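Step one of this worksheet: look at the structure below.
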Amino acid sequence: MKARTRFAPSPTGYMHIGNLRTALYEYLIAKSSGGSFLLRIEDTDQKRYVQGATDIIYSTLKTVGMNWDEGPDIGGAYGPYVQSERKSIYAEYAHKLVELGGAHYCFCAQKEEAENNDDDNNVIPIKFQDPCKQMPLNEARAKIAAGQPYVIRQTINKKGKSHFHDEVYGDIEIDYDDLDEGVLLKTDGFPTYNFANVIDDHLMAITHVVRGNEYISSTPKYNLIYEAFGWTPPVYVHVPPVMKDAQHKLSKRNGDASFQDLTAKGYLPEAILNYIALLGWNPGDDQEIFSLSELEKIFSISRLNKSPAIFDIIKLTWMNGCYIRSLTADEFHKIALPWYNKCITRKLNLENLSKVLQPRVETFADIIPQTDFLEKMPEYDISLYENKKMKTDTDVAKQTLKLTIQLLSDVKDWNNENLFAALKELAAIHELKNGQILYPLRIALSGKETTAGGATEIASILGKEETIFRIKEALKKLEA
RNA sequence: GACCCCAUCGUCUAGCGGUUAGGACAUCACCCUUUCACGGUGGUAACACGAGUUCGAUUCUCGUUGGGGUCGCCA
């Protein structure tokens, strides 16, 4: 069966990780069945609309490669795909639902606050009993004709238990008495999510509804609407939330990372997508690295998990490192270039820098702290030259640095291999350990105990002139 | 408070009555090595608790505890 799924975000300004994961599962359900994935913008709440938000949605989906088959920008047979452009459709169906007995007109003032205080002074909402429910239809219509503001509210008269099946949570049973008669069509004529969703999913022939599990308890209400219209409800796939920690969902409000934040921090879109796919789904074997097209082939709803997953930036970082290492040298260099531009103004051999950085950087943002010493030689204490394991101290350093500088002046082809071979030979000639030459050299070139790349790699990045200059400076410092 | 949902290493998870409870991240140790990293090898580490069903429960049932969600003219 070819599935039709939709990603239906409301344009509130950013793409958060949980949303993106839902979109991914929707996309995969569609694509793994050879079906269609559509994009629908749910902008029925004008108060929350954020300018430019739809562009963020488009660009995020595009950069991860989740292309939609129908949507606001490309159209399709079931448009329009923006809810604010479908206002008249909802009104039509809402009034029809009233006739069918699935809803009623309601004239109650907004915010009918029905609540109780319990012993602990907590506010406990009690079920709203709508007096308008009893109003004869012709009386209600007369009020509307007279210009009275109204909403259309769902009517729930059923008794007993409602049942529905969810693909991840199994069979769910909820008492009809626990459902409330929510507003379907607002005073401003816009539908609420509760209504627009049902209408659109049906009209757009959506087969699988994928959404957060917070909708489980209201699903019976949606089924009542499907039922009233004589429509078949979709397959439900409720997914657990992505958490920040055991108690809190991941949310922008808490300052948690969005997709944009992550890419800005130097995470690759493919890695982010791969990681979030595994937050609540697994293939059943040990494979962890997947491209989107691989996922399309092996994804299955039955391997979706029902417990919440905590977003672990540490594991994402590891995975990002895997993706970085699997890049070709050219690809890495190309992506790294803008990062170099942020922190390096000096003329360096950037190709060599990329070679050194690629195997040891986990995000592109790591480039910045790894390269600071290249840009500007840091202050350091000459005690750094003392290293037991390398068998060096300031005296050894003075001696080997002098030897090194002589040799380096003569090196013609300035690259890591030549430099390393030459210095190794130098060590052998003078019966020194490699480290006694190389360790002091790194200190002289970097002022740091540890660096990305070895001494000769650093030299190959800095270039001959700067390398020799830094060694001279080091000798001055040692002799002072 | 009512209703719904969830519960395996610190984290993501495998497991669908009988396993030395497996993998990955993290962590620790060692190896490799011009430092760091990469890579390799090995280690530490989990079935929330209590009943029941069963010859046998991580697995099935019930309860407890803990956590989450819903109870908006937000989605």
Side-chain angles (χ1 to χ4, degrees), chain A residues 8-10 12 42 44-45 47-48 106 108 110-112 116 118-120 122-128 149 151-153 166 169-170 172-175 177-180 182-188 190-194 196-197 211-220 238 240-241 243 245-249 275 278-288 303 305-312 314-319 321 325 356-362 366 370 387 389-390 420 423-424 427 433-439 441-443 446 448-458:
Chain A
S10 45
T12 52
E42 308 217 328
T44 57
D45 186 2
K47 295 187 289 289
R48 296 215 305 168
C106 170
C108 298
Q110 253 180 72
K111 295 224 169 175
E112 191 69 30
N116 251 350
D118 72 2
D119 301 344
D120 300 326
N122 291 323
V123 177
I124 307 300
I126 58 168
K127 197 177 169 182
F128 174 64
V151 299
I152 292 179
R153 194 178 278 281
D166 181 84
Y169 287 95
I172 308 283
E173 179 186 275
I174 293 170
D175 201 300
D177 280 340
D178 292 326
L179 267 27
D180 16 76
V183 170
L184 266 21
L185 201 73
K186 303 185 258 188
T187 315
D188 63 5
F190 277 99
T192 59
Y193 168 87
N194 300 315
N197 216 258
R211 51 154 85 115
N213 70 1
E214 67 269 25
Y215 292 99
I216 287 180
S217 20
S218 40
T219 296
H238 287 96
M243 310 292 282
D245 55 44
Q247 276 76 22
H248 309 281
K249 269 195 198 188
Y275 176 69
L278 262 16
L279 237 36
W281 177 86
N282 74 81
D285 60 31
D286 288 341
Q287 189 178 348
E288 288 199 299
R303 298 209 63 90
N305 233 305
K306 48 185 159 190
S307 39
I310 298 174
F311 181 86
D312 182 9
I314 306 279
K315 183 148 186 179
L316 200 215
T317 304
W318 163 79
M319 191 172 277
R325 273 169 258 130
V356 164
L357 255 20
Q358 186 173 3
R360 71 195 79 216
V361 116
E362 286 190 303
D366 287 347
Q370 294 274 29
N387 185 303
K389 198 180 162 201
M390 296 297 134
F420 186 58
L423 289 175
K424 222 173 142 177
K433 286 179 59 100
N434 290 345
Q436 289 177 299
I437 301 254
L438 295 163
Y439 189 82
L441 179 58
R442 185 189 24 263
I443 304 298
S446 71
K448 298 171 91 170
E449 209 168 0
T450 65
T451 54
T456 57
E457 286 169 312
I458 296 170

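From a predicted model like this one, the values you see are computed outputs, not experimental measurements. Numbers restart at 1 for each chain; the letters A, B, ... are given by sequence-line order, proteins then strands.
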Original post:
Reckon A/Asn282 has a side-chain N or O less than 4.0 Å from the OP1 or OP2 of B/rU13?
Top reply: no

Original post:
Should B/rG52 form a Watson-Crick or G-U wobble pair with both distances under 3.5 Å, which nucleotide is its partner?
Top reply: B/rC60

Original post:
Any side-chain heavy atom of A/Val151 within less than 4.5 Å of one from A/Leu185?
Top reply: no

**OP:** Determine the Euclidean distance between corresponding C1' atoms of B/rC55 and B/rG15; express it in Å to zero decimal places.
**Re:** 22 Å

Subject >> Contact check, side chains of A/Tyr439 and A/Asn434, non-hydrogen atoms, under 4.5 Å >> reply: no

Original post:
Of the candidate nucleotides B/rU13, B/rA24, B/rC73, which contains the atom at the shortest distance from the side chain of A/Glu288?
Top reply: B/rA24

Original post:
When all nucleic acid strands are considered with a 4.0 Å heavy-atom cut-off, which category describes A/Thr12: base, sugar-phosphate, or nothing?
Top reply: nothing

Original post:
So what does A/Gln358 hit on the nucleic acid, given a heavy-atom distance under 4.0 Å: a base, only sugar-phosphate, or nothing?
Top reply: nothing

Original post:
Starting at the 5' end of RNA chain B, which residue's closest nucleotide do you reach first, A/Leu278 or A/Lys306?
Top reply: A/Lys306

**OP:** Provide the Watson-Crick or G-U wobble partner of B/rU20, both distances under 3.5 Å; none if there is no partner.
**Re:** none

**OP:** Check whether any side-chain heavy atom of A/Ile152 sits under 4.5 Å from a side-chain heavy atom of A/Lys186, and report yes or no.
**Re:** no

Grab the N/O contacts between the protein and nucleotides 28-36 of chain B below 3.5 Å, and write none if there aren't any.
residue	atom	partner	partner atom	Å
B/rU34	O2	A/Ala455	N	2.8
B/rU34	N3	A/Thr456	OG1	3.3
B/rU34	O4	A/Thr456	OG1	3.2
B/rU35	O4'	A/Arg442	NH2	2.7
B/rU35	O2'	A/Glu449	O	3.4
B/rU35	N1	A/Arg442	NH1	3.0
B/rU35	N1	A/Arg442	NH2	3.3
B/rU35	O2	A/Thr451	N	2.8
B/rU35	O2	A/Thr451	O	3.1
B/rU35	N3	A/Thr451	O	2.8
B/rU35	N3	A/Gly453	O	2.9
B/rU35	O4	A/Gly453	N	3.2
B/rU35	O4	A/Gly453	O	2.6
B/rU35	O4	A/Gly454	N	2.6
B/rC36	O2	A/Arg360	NH1	2.9
B/rC36	O2	A/Thr451	O	3.3
B/rC36	N3	A/Arg360	NH1	2.1
B/rC36	N4	A/Arg360	NH1	3.4

Original post:
A/Thr44 side chain to A/Phe190 main-chain N or O, any donor-acceptor pair under 3.5 Å?
Top reply: no

**OP:** Provide the distance between the two P atoms, one in B/rG72 and one in B/rG18, to the nearest whole Å.
**Re:** 46 Å

Original post:
Does the side chain of A/Thr219 come under 3.5 Å of the side chain of A/Arg211 through a donor N or O and an acceptor N or O?
Top reply: yes

**OP:** Using Watson-Crick or G-U wobble geometry with both distances below 3.5 Å, tell me the partner of B/rU70, or none.
**Re:** B/rA2

**OP:** Could you state the atom-to-atom distance from CG of A/Leu316 to P of B/rU11 in whole Å?
**Re:** 18 Å

Subject >> Sugar-phosphate only, base, or nothing, as touched by A/Ile172 at under 4.0 Å among non-hydrogen atoms >> reply: sugar-phosphate

**OP:** Between B/rU35 and B/rU41, how far apart are the C1' atoms? Round to whole Å, please.
**Re:** 22 Å

Original post:
Is there a donor-acceptor pair closer than 3.5 Å between any side-chain N or O of A/Asp245 and the backbone N or O of A/His248?
Top reply: yes

Original post:
A/Ile216 has an atom CD1; how far is it from atom P of B/rC71, in whole Å?
Top reply: 14 Å

Original post:
Taking for each residue the nucleotide of RNA chain B bearing the nearest heavy atom, is the 5' side occupied by A/Asp286 or by A/Ala8?
Top reply: A/Asp286

Original post:
Is A/Glu288 salt-bridged to A/Lys315, going by a charged N under 4.0 Å from an acidic O?
Top reply: yes

Subject >> Rounded interatomic separation in angstrom, taking NE2 from A/His238 and P from B/rC6 >> reply: 13 Å

Subject >> Any A/Asn305 side-chain nitrogen or oxygen under 4.0 Å from OP1 or OP2 of B/rA14 >> reply: yes

Subject >> Check: A/Pro240 and A/Ser307 side chains under 4.5 Å, non-hydrogen atoms >> reply: no

Original post:
Is there side-chain contact between A/Tyr275 and A/Asp312, with at least one heavy-atom pair below 4.5 Å?
Top reply: yes

**OP:** Find the partner of B/rA7: check Watson-Crick (N1-N3 plus N6-O4 or O6-N4) and G-U wobble (N1-O2, O6-N3) distances, both under 3.5 Å, and reply none if neither fits.
**Re:** B/rU65

Subject >> Listed nucleotide nearest any side-chain atom of A/Asp180, set B/rC6, B/rC73, B/rC71 >> reply: B/rC71

Subject >> Interatomic distance, A/Asp178 CG vs B/rC5 P [rounded to whole Å] >> reply: 12 Å

**OP:** Please report, rounded to the nearest Å, how far the C1' atom of B/rA7 is from the CD1 atom of A/Ile310.
**Re:** 12 Å

**OP:** Pick the P atom in B/rC5 and in B/rC28, then give their distance to the nearest Å.
**Re:** 42 Å

Original post:
Quick one: does A/Tyr169's side chain have a donor or acceptor within less than 3.5 Å of a partner on A/Lys306's backbone?
Top reply: yes

**OP:** Could you tell me the separation between the CD1 atom of A/Ile314 and the P atom of B/rC25, rounded to a whole number of Å?
**Re:** 13 Å

Original post:
Starting at CG of A/Leu185 and ending at P of B/rC73, how long is that distance when rounded to a whole Å?
Top reply: 13 Å

Original post:
Rounding to the closest angstrom, what is the interatomic distance between B/rG10 and B/rU64 at atom P?
Top reply: 26 Å

Output one line per pair: protein atom, nucleotide atom from nucleotides 65-70 of chain B, and distance, for all N/O pairs under 3.5 Å.
residue	atom	partner	partner atom	Å
B/rG67	O2'	A/Ala246	O	3.4

Original post:
What is the minimum heavy-atom distance between A/Met243 and A/Gln247, and which atoms define it?
Top reply: CE-C, 3.8 Å

**OP:** Please state the C1' separation for the pair B/rG67 and B/rA57 - nearest whole angstrom.
**Re:** 25 Å

Close N or O pairs between protein and nucleotides 39-50 of chain B (under 3.5 Å):
residue	atom	partner	partner atom	Å
B/rG39	OP1	A/Arg325	NH1	3.0

Subject >> Nucleotide paired to B/rA29 in any strand shown, Watson-Crick or G-U, under 3.5 Å >> reply: B/rU41

Original post:
When you check the phosphate oxygens OP1 and OP2 of B/rG15, does a side-chain N or O of A/Arg303 lie under 4.0 Å from one of them?
Top reply: yes

Original post:
Do A/Arg442 and A/Glu457 have side-chain heavy atoms sitting under 4.5 Å apart?
Top reply: no

Original post:
Would a 4.5 Å heavy-atom cut-off, applied to side chains only, mark A/Phe311 and A/Leu316 as touching?
Top reply: yes

Original post:
Which atoms form the tightest heavy-atom contact between A/Val361 and A/Gln370, and what is the distance?
Top reply: CG2-CG, 4.5 Å

Original post:
Can you find a heavy atom in the side chain of A/Leu278 that is under 4.5 Å from one in the side chain of A/Met319?
Top reply: yes

Original post:
What integer distance in Å separates A/Asp188:CG from B/rC74:C1'?
Top reply: 13 Å

**OP:** Compare side-chain N and O positions of A/Thr192 against OP1 and OP2 of B/rA75 and report whether any pair is under 4.0 Å apart.
**Re:** no

Original post:
Within the pair A/Lys315 and B/rC12, is there a side-chain N or O less than 4.0 Å away from OP1 or OP2?
Top reply: no

**OP:** Using the P atom as the reference point in each nucleotide, state the distance between B/rC62 and B/rA21 in Å, no decimals.
**Re:** 27 Å

Original post:
Say you pick atom P in B/rC12 and the same atom in B/rC47; how far apart are they, in whole Å?
Top reply: 16 Å

